[in-house]
Amino acid sequence: MFRRDRPQGATQGYLIRLAQGRIAPGAEAEILQSAAPWPEDAIALGYWEDVPVALALEAEPGEAWLDGRGWLGRLPESHFGLLSTALQVGHWYRNHRFCGRCGSRASALEHEFAMACPSCGHRNYPRISPCIITLVTHGDELLLARSPRFPPGRYSTLAGFIEPGEAAEEAVRREIFEEVGLTVGRVSYFKSQAWPFPHALMLGFFAEAASRRIRIDGEEIVDAAWFTPRRLPQLPPLYSISRALIETHLKAVGGR
């Protein structure tokens, strides 16, 4: 549905209005405003159903504007790429209007997502931060944990940023050991998901624990426990890769 070829020279089409991480509702309870001429400073994103779509950054959100998670809970999965691109490009554009090397005002290029400095020639591209997100299993059981930032009662998979010079599989083993004190055997890749909060790329993995003995770090993780397919806590939302990891495991062991 969403095509990332940037429209060259387009001045009208669909528009997404974004302010402080919140997006205005458009036609039919979606994020796209009806096709019309764009504001002069609109940022072309790509095409939605072959119609050009752009992003307009505004100072203040309206009362009915929802944040990214709010929209993810309402929109079909086909809209995820469009929403993720708008949120990540908006965050990047707002925070990189000046050159990080010499401080001069930068300007956006039309043919690619890049801010170019007219003084020193430095180019800045949207930041993408790779993260691992892992479902640890032991037989049929799932290890799920709570971050202090989670809503009450919610448990999820383990996650963390990949450090400089580190392979994704190394990050899986390190994060699991740091957060819950477990060593793992086989590690297998699942799939990835752009996560625009604000600019993560989640790399999903399954990992098999060598034992069931948990030792939480008490900082990033405030609780962790083993759960059976028949006894599960409140799970992450359906649109998240963490939920996809959980549902895939449950289907594999006959729990769904």
Hey, any chance Val180 and Val187 share a hydrophobic cluster, counting ILVMFWY side chains that come within less than 4.5 Å of each other, even indirectly?
yes
Is it the case that more than 12 heavy atoms not belonging to Glu219 sit under 6.0 Å from its CD atom?
no
One thing to verify: whether Glu30 and Arg74 come together as a salt bridge, which I'm taking to mean a side-chain N less than 4.0 angstrom from a carboxylate O.
no
What about Tyr155 and Leu232, same hydrophobic cluster or not, with Ile/Leu/Val/Met/Phe/Trp/Tyr joined at side-chain heavy-atom distances under 4.5 Å?
yes
So does Tyr125 have more than 12 non-hydrogen atoms from other groups sitting under 6.0 Å from OH?
yes
Hey, quick one: are Trp92 and Phe197 part of the same hydrophobic cluster, counting side-chain heavy atoms closer than 4.5 Å, chains of contacts allowed?
yes
Atom CD1 of Ile221 and atom CZ of Arg146: how far apart are they, to the nearest 0.5 Å?
10.0 Å
Short question: side chain of Gln193, backbone of Tyr239 - any donor-acceptor pair under 3.5 Å?
yes
Separation between CZ of Phe227 and CG of Leu235, rounded to the nearest 0.5 Å:
9.0 Å
Considering only heavy atoms from C-beta outward, does the side chain of Leu109 approach that of Glu112 to under 4.5 Å?
yes
Should Leu32 and Trp38 be counted in the same cluster of Ile, Leu, Val, Met, Phe, Trp and Tyr side chains packed under 4.5 Å apart?
no
So, taking the atom named CD1 in Ile23 and the one named CD1 in Ile31, what distance separates them when rounded to the nearest 0.5 Å?
5.0 Å
Would you indicate whether the side-chain heavy atoms of Arg101 and Arg123 approach each other to under 4.5 Å?
no
Summary of side chain to side chain donor-acceptor pair (under 3.5 Å) pairs that have at least one residue in residues 43-54, sequence neighbours excluded
Arg3-Asp50
Spell out, yes or no, whether Phe206 and Ile162 are grouped together once hydrophobic residues are joined by side-chain heavy atoms under 4.5 Å, including indirect joins.
no
Leu142 side chain reached by Ile246 side chain, heavy atoms, under 4.5 Å
yes
About how many Å separate CD of Glu58 and CG of Asp41, when rounded to the nearest 0.5 Å?
9.0 Å
Indicate yes or no: at least one non-hydrogen side-chain atom of Thr228 is less than 4.5 angstrom from one of Asp140.
no
Distance-only, no hydrogens or angles: does the Glu166 side chain make a donor-acceptor pair with backbone N or O of Glu163 under 3.5 Å?
yes
Does a salt bridge link Glu247 with Arg243, judged by any charged N lying under 4.0 Å from a carboxylate O?
yes
Separation between SG (Cys131) and CG (Leu201), nearest 0.5 Å, reads 8.0 Å
Is there a donor-acceptor contact under 3.5 Å from the side chain of Glu208 to the main chain of Val184?
no
Side-chain donor or acceptor of Ser147 paired with backbone N/O of Arg149 under 3.5 Å
yes
When every non-hydrogen atom of Leu18 is compared with those of Ala86, the smallest separation belongs to CD2-O, 3.9 Å
Specify the closest pair of heavy atoms between Ala159 and Met202, including all atoms of both residues, with the distance to one decimal.
CB-CE, 4.2 Å
List the atom of Gln88, the atom of His199, and the distance in Å for their closest heavy-atom pair.
NE2-CA, 3.6 Å
Closest heavy-atom pair and its distance - Ala168, Ile132:
O-CG2, 3.5 Å
Measure the shortest side-chain to side-chain distance between His249 and Leu245 over non-hydrogen atoms and say whether it is less than 4.5 angstrom.
no
Donor-acceptor check, side chain of Arg6 to backbone of Ala44, threshold 3.5 angstrom: yes or no?
yes
Which atoms form the tightest heavy-atom contact between Ala106 and Pro118, and what is the distance?
CA-CD, 4.4 Å
Between Ser84 and Gly81, is there a donor-acceptor pair closer than 3.5 Å when you use the side chain of the first and the backbone of the second?
no
For the pair Arg4 (side chain) and Thr85 (backbone), establish whether a donor and an acceptor sit closer than 3.5 Å, ignoring hydrogens and angles.
no
Member of Leu144, Thr248, Leu143 meeting the side-chain contact (heavy atoms from CB on, under 4.5 Å) criterion with Leu135:
Leu144
Output, in order, the C-alpha distance, side-chain angles, deciding distance and verdict of ring-ring contact (aromatic ring centres under 6.0 Å, His included) for Tyr189 and Phe205.
CA-CA 4 Å; Tyr189 178 72; Phe205 289 87; 5.5 Å; yes
Arg127/Ser129 under side chain to side chain donor-acceptor pair (under 3.5 Å): CA gap, chis, key distance, verdict
CA-CA 6 Å; Arg127 176 180 174 183; Ser129 302; 3.2 Å; yes
Distance-only side-chain donor-acceptor flag, Ser188 / Arg186, under 3.5 Å
no
Pairwise side-chain contact, Asn124 with Phe98, heavy-atom cut-off 4.5 Å (strictly under)
no
How long is the span from the OG atom in Ser192 to the CD1 atom in Ile133, to the nearest 0.5 Å?
12.0 Å
Taking the basic N atoms (NZ, or NE/NH1/NH2) and the acidic carboxylate oxygens, is any pair closer than 4.0 Å for Glu169 and Arg173?
no
Heavy-atom count around Arg94 CZ within 6.0 Å, excluding the residue itself: above 12?
yes
Would you say Glu141 and Thr137 are linked by a side-chain donor-acceptor pair, where the criterion is simply a distance under 3.5 Å?
no
